[in-house]
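Scroll down for the structure; my scribbles are underneath it.
All values below come from the heavy atoms of this structure, side chains included, with hydrogens, waters and symmetry mates left out.
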There are 2 protein chains.
Amino acid sequence: MAAESGTRARTRRAIVDAAVALLAGDPTASLGDVATAAGVGRTTVHRYFPERSDLLAAISADVLDKVEAATERARLDDGPAAKALERLCQEYFELGDGLTLMFDTPQLTNWSDWDEETPADLHFLHTVRRGHAEGSIDAELHEEWVRNLVWALLYTAWEHTRTTGTPKHSALTLCLHTLRKAIAP
Amino acid sequence: MAAESGTRARTRRAIVDAAVALLAGDPTASLGDVATAAGVGRTTVHRYFPERSDLLAAISADVLDKVEAATERARLDDGPAAKALERLCQEYFELGDGLTLMFDTPQLTNWSDWDEETPADLHFLHTVRRGHAEGSIDAELHEEWVRNLVWALLYTAWEHTRTTGTPKHSALTLCLHTLRKAIAP
DNA sequence: CCGTTATGGAACAACAGTGTTCCACTCGGC
DNA sequence: GCCGAGTGGAACACTGTTGTTCCATAACGG
């Protein structure tokens, strides 16, 4: 795909970012709302994303990119697997709204890209197996369960900040504390 | 409220039950879909619940009732608090779709009834505090965090059965195993 | 068995969201 | 400054959902 002009790239980003923030709060928000939140006209949104599904696909790809990048940063292959998962948890926590969105908008993850076998996912599952082998992760907990558990804890942590007003770092601490104990052998 | 005729009570139940099952899968399902799922005409749905919000309110009340009943059955005041929470987890797990619905349809819980201070909720939080005092629950984990954690684990367990095809009892076992370790001091 | 009670279906108006077109505008970069 | 890329807004048709009304008919109960 040809490189977009600076202006267009910036507008596209504004729309996608606004959409993520908005849809995280209300997955049924209208395109008009997205346009307003992005500070652009509804027409412009349609210019970039002809159909709603196109916008959703773009969001999906965007979040996927961020997840992959976060996974890279966690350096899953370094040190004990249990510690690696904690690092990953910290990185994922930073994804914020993107996290919430993925969690309660399954239609997004069932998209073309997420063949349930994204590189990040495979790397994650592999790390859990490594943890099982080296004894740093409870062998009773199946790989998929650990994956779902991590996502659920992250979602809970964000939810916790929203409902109780707990500062983010405290929520993250609780999240990591809980994860550490849960996966310990 | 005057007792409803047997027929009406039965129809009302069919509609509410169908709505819970359907909305758990897709919170945006139309009233027509609900009617079909319940095996009644759309007109009939409107006869019982003039507006969509009326149906939602009825569902909310219904789920709330079931939560209260499940909480009763768990006998939270008996034995160690940690064990009590495990029993509660088992009872809540049986709520099935109602669980999913509450989890990702916050608009329901923000309804009139759920003043964030339902009897079941208060009893739950009180039990956690008891656990803190008697030392059976990790004092680092704030009451609200434990509550959110339990709900998240339950949701995860159900999600796990759906995506991996794991039998329900296995998912519940994983859920309880994880909870036990997470809240242990 | 007969009347009340409950239901299903069709038809309707109203509404919100979507997707499209067109035109006037403004902003950025050469 | 100028030109074209990029934008905003108005207007439109279209769709699906909602909520309403009316009537024929099925089911239930005494």
Just to verify, which of B:Ile137, B:Thr127, B:Leu125 counts as forming a side-chain contact (heavy atoms from CB on, under 4.5 Å) with B:Glu143?
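Of B:Ile137, B:Thr127, B:Leu125, side-chain contact (heavy atoms from CB on, under 4.5 Å) with B:Glu143 is met by B:Leu125 alone.
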Of the options B:Leu85, B:Val128, B:Asp138, which is the one that meets B:Ile183 in a side-chain contact (heavy atoms from CB on, under 4.5 Å)?
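Only one of B:Leu85, B:Val128, B:Asp138 forms a side-chain contact (heavy atoms from CB on, under 4.5 Å) with B:Ile183, namely B:Leu85.
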Let me know the distance between [atom1] of [X] and [atom2] of [N], rounded to the nearest Å.
X       : N      : atom1 : atom2 : answer
A:Asp26 : C:dA16 : CG    : P     : 16 Å
A:Asp33 : C:dA16 : CG    : C1'   : 11 Å
B:His46 : C:dA10 : NE2   : P     : 17 Å
B:Tyr48 : C:dT7  : OH    : C1'   : 9 Å
B:Arg42 : D:dG19 : CZ    : C1'   : 7 Å
B:Arg10 : D:dC28 : CZ    : C1'   : 9 Å
B:Leu55 : D:dG19 : CG    : C1'   : 14 Å
B:Leu31 : C:dA16 : CG    : C1'   : 15 Å

Across the strands shown, which category fits A:Arg52 at heavy-atom distances under 4.0 angstrom: base, sugar-phosphate, nothing?
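The residue A:Arg52 makes sugar-phosphate contact but no base contact.
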Contact class for A:Arg8 (heavy atom, under 4.0 Å): base, sugar-phosphate, or nothing?
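The residue A:Arg8 makes sugar-phosphate contact but no base contact.
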Do B:Asp78 and B:Lys83 sit within salt-bridge range, that is, some charged N less than 4.0 Å from a carboxylate O?
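Salt bridge: no.
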Nearest to the B:Thr7 side chain among D:dC28, C:dG19, D:dG19, which nucleotide is it?
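Nearest to the side chain of B:Thr7 among the choices is D:dC28.
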Starting the side chain at C-beta, find the nucleotide from D:dG8, C:dG8, C:dA6 nearest to A:Thr44.
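The answer is D:dG8.
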Are the side chains of B:Phe93 and B:Leu176 in touch, meaning some heavy atoms are under 4.5 Å apart?
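Contact flag for B:Phe93/B:Leu176 side chains = no.
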Is the distance from OP1 or OP2 of C:dA6 to the nearest side-chain N or O of B:Thr11 less than 4.0 Å?
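False: B:Thr11 side-chain N/O out of range (4.0 Å or more) of C:dA6 OP1/OP2.
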Quiz question: by atom type and distance under 3.5 Å, do the side chains of A:Trp145 and B:Thr178 form a donor-acceptor pair?
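Yes.
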Side-chain-base donor-acceptor pair under 3.5 Å for A:Thr43 and D:dG9
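Checked by distance alone, the answer is yes.
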Ignoring hydrogens and geometry beyond distance, is the side chain of A:Arg47 in donor-acceptor contact with the base of D:dG8 at under 3.5 Å?
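Check passes, donor-acceptor contact within cut-off.
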